[in-house]
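Here's the structure, in structure tokens; my notes come after.
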Amino acid sequence: MSELRAHGLTVRYGDLVALRDVDLTVAPGSLLAVTGPSGAGKSTLLWALAGAVAVASGRVVLGDHEVTGREHAAALGIGLMPQGNGLAYSLTAAENILAPLLAAGVAPTDARDRCLAALGLVGVEESGNHLVDELSGGQQQRVALARALAARPAVLLADEPTSDLDAANRDRALALLRAEAARGAVIVMATHDPEAAAQADAELSLDEGEATLSR
Ligand code: ADP
């Protein structure tokens, strides 16, 4: 597994500077929390690290590879769990997990095993055959986490992954992210929740696009 680095990342939306000259380094095996008020640039940072937004300047590097766009990032194993879960509502929970695994070339039996295991990890195994539309917000968020984990990413960029969870499920989700880091992954988690941020190895605070490593 490889270190994730950003050098001088600046993102503009028209006249608005959403990220201003942000540097960061996250070692394999560690969990970085990205905090800051609404509108501070947290989602923009995750999208930029995922190669999913055009940067005005700066670069993102995973190991020896400069990330050149979303498809390249995905090929390098950079996974994005977007805010609002990003699930297809007209598919079942299991289909949402299986489809990207099959598209990535995972053998069907292996994909099925990984899907079931991931649903079990987040505690929604009984909901695998339910349409996402039929699930609660918290269940949907757990399915989105299961999908992200099933992909076994080198880097997981999780945008507010615990925002819809009760305390017990939040702690379970954080334990799973920690376990994913222990496997050697880089985890970057945007969060509003101080208790979630406190479980990270380091915290990057954003304010109007400017970053400070606060611990
Ligand atoms: P956070 O995740 O911390 O709430 P965002 O990264 O979503 O912050 O937004 C940072 C700033 O960029 C905000 O001022 C927001 O309104 C603006 N912004 C986000 N996405 C867009 C977009 N697609 N077009 C224009 N402005 C945007």
Side-chain angles (χ1 to χ4, degrees), residues 4-26 30-62 66-74 76 78-89 137-138 140-145 147-149 153 155-165 169-170 173-174 176-177 180-181 185-215:
L4 178 70
R5 299 189 304 281
H7 303 283
L9 272 190
T10 296
V11 174
R12 293 200 177 89
Y13 299 116
D15 291 339
L16 178 85
V17 182
L19 275 189
R20 198 181 293 269
D21 202 19
V22 172
D23 294 322
L24 61 79
T25 301
V26 194
S30 56
L31 168 56
L32 173 71
V34 177
T35 60
S38 191
K42 301 182 296 297
S43 294
T44 300
L45 175 58
L46 266 54
W47 282 82
L49 293 172
V53 69
V55 298
S57 57
R59 59 204 187 102
V60 176
V61 179
L62 180 63
E66 179 164 352
V67 175
T68 57
R70 181 63 201 130
E71 277 185 28
H72 183 226
L76 293 173
I78 300 179
L80 177 66
M81 180 184 165
Q83 201 169 3
N85 77 49
L87 298 169
Y89 280 50
Q140 290 172 1
Q141 196 161 49
R142 287 149 74 192
V143 172
L145 179 59
R147 178 169 70 166
L149 295 173
V155 175
L156 176 54
L157 308 166
D159 199 348
E160 301 281 358
T162 63
S163 57
D164 291 341
L165 303 183
N169 278 305
R170 180 196 61 194
L174 290 168
L176 288 167
L177 291 173
E180 197 62 5
V186 165
I187 312 289
V188 181
M189 167 181 72
T191 185
H192 273 101
D193 178 355
E195 289 186 44
Q199 296 197 34
D201 300 306
E203 181 175 341
L204 187 84
S205 302
L206 281 172
D207 186 17
E208 296 187 356
E210 294 207 25
T212 315
L213 201 55
S214 49
R215 67 181 174 80

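We count ligands from 1, going down the list as the structure has it; atoms in each ligand are counted the same way. The shown structure was predicted, so the numbers you read here are calculated from the model rather than taken from an experiment.
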Contacting atoms of ligand 1, where contact means under 4.0 angstrom from a heavy atom of Lys42:
1 (P), 2 (O), 3 (O), 4 (O), 6 (O), 8 (O)
Main chain of Asp21, side chain of Thr10: is a donor-acceptor contact present, judged purely on distance under 3.5 Å?
yes
Can you report which non-hydrogen protein atom sits closest to atom 13 (C) of ligand 1, along with the distance?
Gly39 O, 3.7 Å
Quick check on contacts: which atoms of ligand 1 are under 4.0 angstrom from a heavy atom of Ala18?
12 (O)
Looking only at non-hydrogen atoms, find the nearest pair between Val11 and Ala48 and report the distance.
CG2-CB, 4.2 Å
When distances are taken from atom 16 (O) of ligand 1, the protein heavy atom at minimum range is Leu16 CD2, 4.8 Å
Between the CZ atom in Arg20 and the CZ atom in Arg12, the distance rounded to the nearest 0.5 Å is 8.0 Å
Tightest non-hydrogen contact, residues Gln199 and Arg215, listed as N-NH2, 4.4 Å
Return the residue, atom name and 0.1 Å-rounded distance of the protein heavy atom closest to atom 27 (C) of ligand 1.
Tyr13 CD1, 3.3 Å
Can you tell me the protein heavy atom closest to atom 7 (O) of ligand 1 and the distance?
Ser43 CB, 3.8 Å
Are any of the heavy atoms in Gly36 under 4.0 Å away from ligand 1?
no
For atom 5 (P) of ligand 1, grab the closest protein heavy atom and report residue, atom and distance to one decimal in Å.
Thr44 OG1, 3.8 Å
Per-atom contacts, ligand 1 versus Pro37 - under 4.0 Å to a heavy atom
3 (O)
Which protein non-hydrogen atom lies closest to atom 8 (O) of ligand 1, naming both residue and atom, and how far is it?
Gly41 N, 3.1 Å
Side-chain donor or acceptor of Ser214 paired with backbone N/O of Glu203 under 3.5 Å:
yes
Can you see which heavy atom on Lys42 is nearest to which on Ala190, and at what distance?
CB-CB, 4.0 Å
Going from CG on Asp164 to CD on Gln140, what distance comes out if it is rounded to the nearest 0.5 angstrom?
8.0 Å
